[in-house]
Amino acid sequence: MGPVEYRPLQDKDIEAAGVILGNTWHTYADGRKRVVSGIVDLANFAQRNTFTEVAVVNDSPIGVIMARAGAPSEQTQAHWKIIEQDARKELDELGGSAVDLAHFFETAKQADRALLAQSGCDPDFELVLFAVSDKVRGLGIGSTLMDHAQRYLAAQGASKAFLFTDTDCTWEYYEHRGMRRAAEQSFAENAASILPERMFVYEMDLKDIGR
């Protein structure tokens, strides 16, 4: 592997970021369906970002992180909404189900809103998305991305920030980073639920970041 560089996410990175998210969260045997589903995920999250960064090797992303301080711009929301709509259209053409994915997003957002209210965390400062290719995990790339996002949030005036995660993700990483579980909900006993077995809100302390 060559040297790792860190820079803001660009539109040319969307495909590679879709590969990372598709391989992490989707199980389609068809590789293109996985990638496009990952692009839908990426664009859905990106509509609420005010900060993005990718780790790249040879200008190809191997990790991505997004954060939010306050509300994203209307331009950001509109840009990523178009990308999401185009990816949903392609997913349907490939025989996937963009409708099912949209239903999952809405159901998860409702659960997230309830968890955030339960947690008492400041809703203005959020780690929106964090994913690293499974080919480079354990090399410190994710930790560097996380450090950069936390510095950004602290620079925006955050003393604390929150993130959503669940049992379909590597949630143990956040505890390894010293974050506090602020709220959780179990859906394991609901056979009809499309949500992960458990969903969490974690809170990170940023008071000493950058000092």
Side-chain angles (χ1 to χ4, degrees), residues 4 6-68 72 76-77 79-109 111-112 126-139 141-146 148-149 163-174 194-196 199-200 202:
V4 182
Y6 297 88
R7 59 164 172 76
L9 175 72
Q10 301 172 14
D11 281 359
K12 67 178 183 179
D13 303 321
I14 290 173
E15 187 80 10
V19 171
I20 295 170
L21 298 184
N23 289 340
T24 300
W25 290 331
H26 296 280
T27 58
Y28 286 120
D30 184 316
R32 185 60 192 167
K33 286 184 186 177
R34 285 200 310 274
V35 173
V36 176
S37 296
I39 293 172
V40 175
D41 293 334
L42 180 77
N44 183 273
F45 283 110
Q47 289 172 57
R48 67 179 195 264
N49 91 83
T50 61
F51 168 89
T52 66
E53 187 171 88
V54 285
V56 298
V57 173
N58 297 323
D59 209 32
S60 180
I62 55 175
V64 58
I65 200 162
M66 296 180 182
R68 178 181 61 81
T76 292
Q77 295 178 67
H79 176 73
W80 286 103
K81 184 65 176 176
I82 291 170
I83 293 170
E84 181 184 9
Q85 289 171 343
D86 289 345
R88 285 186 180 189
K89 181 179 178 181
E90 182 179 355
L91 183 59
D92 281 338
E93 290 171 350
L94 290 168
S97 179
V99 171
D100 287 348
L101 200 49
H103 177 54
F104 172 80
F105 286 151
E106 184 54 38
T107 304
K109 284 177 182 177
D112 284 342
E126 177 187 5
L127 185 75
V128 174
L129 172 68
F130 175 53
V132 176
S133 170
D134 58 4
K135 297 178 182 179
V136 296
R137 288 176 190 166
L139 300 180
I141 292 165
S143 292
T144 301
L145 287 169
M146 183 68 71
H148 293 174
L163 63 90
F164 297 115
T165 189
D166 56 61
T167 47
D168 287 348
C169 302
T170 311
W171 55 270
E172 299 92 342
Y173 173 81
Y174 303 114
I194 62 172
L195 296 173
M199 298 177 69
F200 312 116
Y202 276 86

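Among all heavy-atom pairs drawn from S133 and I20, the shortest one is N-CG2, 3.8 Å. Across F45 and M66, no two heavy atoms sit closer than the pair C-SD, 4.2 Å. Between V132 and G142, the shortest heavy-atom distance links the atoms CG2-CA, 3.7 Å. Listed here is the closest heavy atom pair of L127 and A149: CD1-CB, 3.9 Å. Here the shortest heavy-atom pairing between M199 and D112 reads CE-OD1, 3.3 Å. Residues A87 and I39 approach most closely at CB-CG2, 3.7 Å, considering heavy atoms.
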> After noting the C-alpha distance and the side-chain angles of H103 and V99, does the key distance pass the side-chain contact (heavy atoms from CB on, under 4.5 Å) rule?
Replying inline: CA-CA 6 Å; H103 177 54; V99 171; 5.5 Å; no
>> Does F105 form a side-chain contact (heavy atoms from CB on, under 4.5 Å) with D41? I'd like the steps, not just the answer.
In response: CA-CA 9 Å; F105 286 151; D41 293 334; 3.1 Å; yes
> Does the pair D59 and R7 meet the rule for a salt bridge (Lys or Arg N to Asp or Glu O under 4.0 Å), with working shown?
Replying inline: CA-CA 10 Å; D59 209 32; R7 59 164 172 76; 3.1 Å; yes
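Counting heavy atoms from C-beta outward, F51 and I65 have side chains that approach closer than 4.5 Å. The side-chain heavy atoms of V36 and Y28, taken from C-beta on, include no pair separated by under 4.5 Å. By the 4.5 Å heavy-atom criterion applied to side chains, V64 and T52 are not counted as neighbours. At least one side-chain heavy atom of L91 sits less than 4.5 Å from a side-chain heavy atom of L101. T170 has its side chain within reach of E172: a pair of non-hydrogen atoms, C-beta onward, lies under 4.5 Å apart. Inter-residue side-chain proximity for L21 and L129 is flagged as met; some heavy-atom pair is nearer than 4.5 Å. Looking only at side-chain heavy atoms (C-beta outward), F104 and L195 come within less than 4.5 Å of each other. Two residues are said to be in side-chain contact when any heavy atoms from C-beta on lie closer than 4.5 Å; L9 and E53 fail this criterion.
Checked against a 6.0 Å centroid threshold, the rings of Y174 and F200 do not count as neighbours.
Checked by atom type and distance alone, the side chain of D166 pairs as donor or acceptor with a backbone atom of D168 at under 3.5 Å. A donor-acceptor pair under 3.5 Å is formed between the side chain of N49 and the backbone N or O of A46. Side chain of T76 to main chain of P72: no donor-acceptor pair is present (N/O by atom type, distance under 3.5 Å, no hydrogens or angles). Looking at D13, its side chain does come within 3.5 Å of a backbone N or O of Q10 through a donor-acceptor pair. Q47 places a side-chain N or O within donor-acceptor distance of the main-chain N or O of A43, the cut-off being under 3.5 Å.
Separation of atoms CG (L94) and CZ (R32) is listed at 7.0 Å; rounding is to 0.5 Å.
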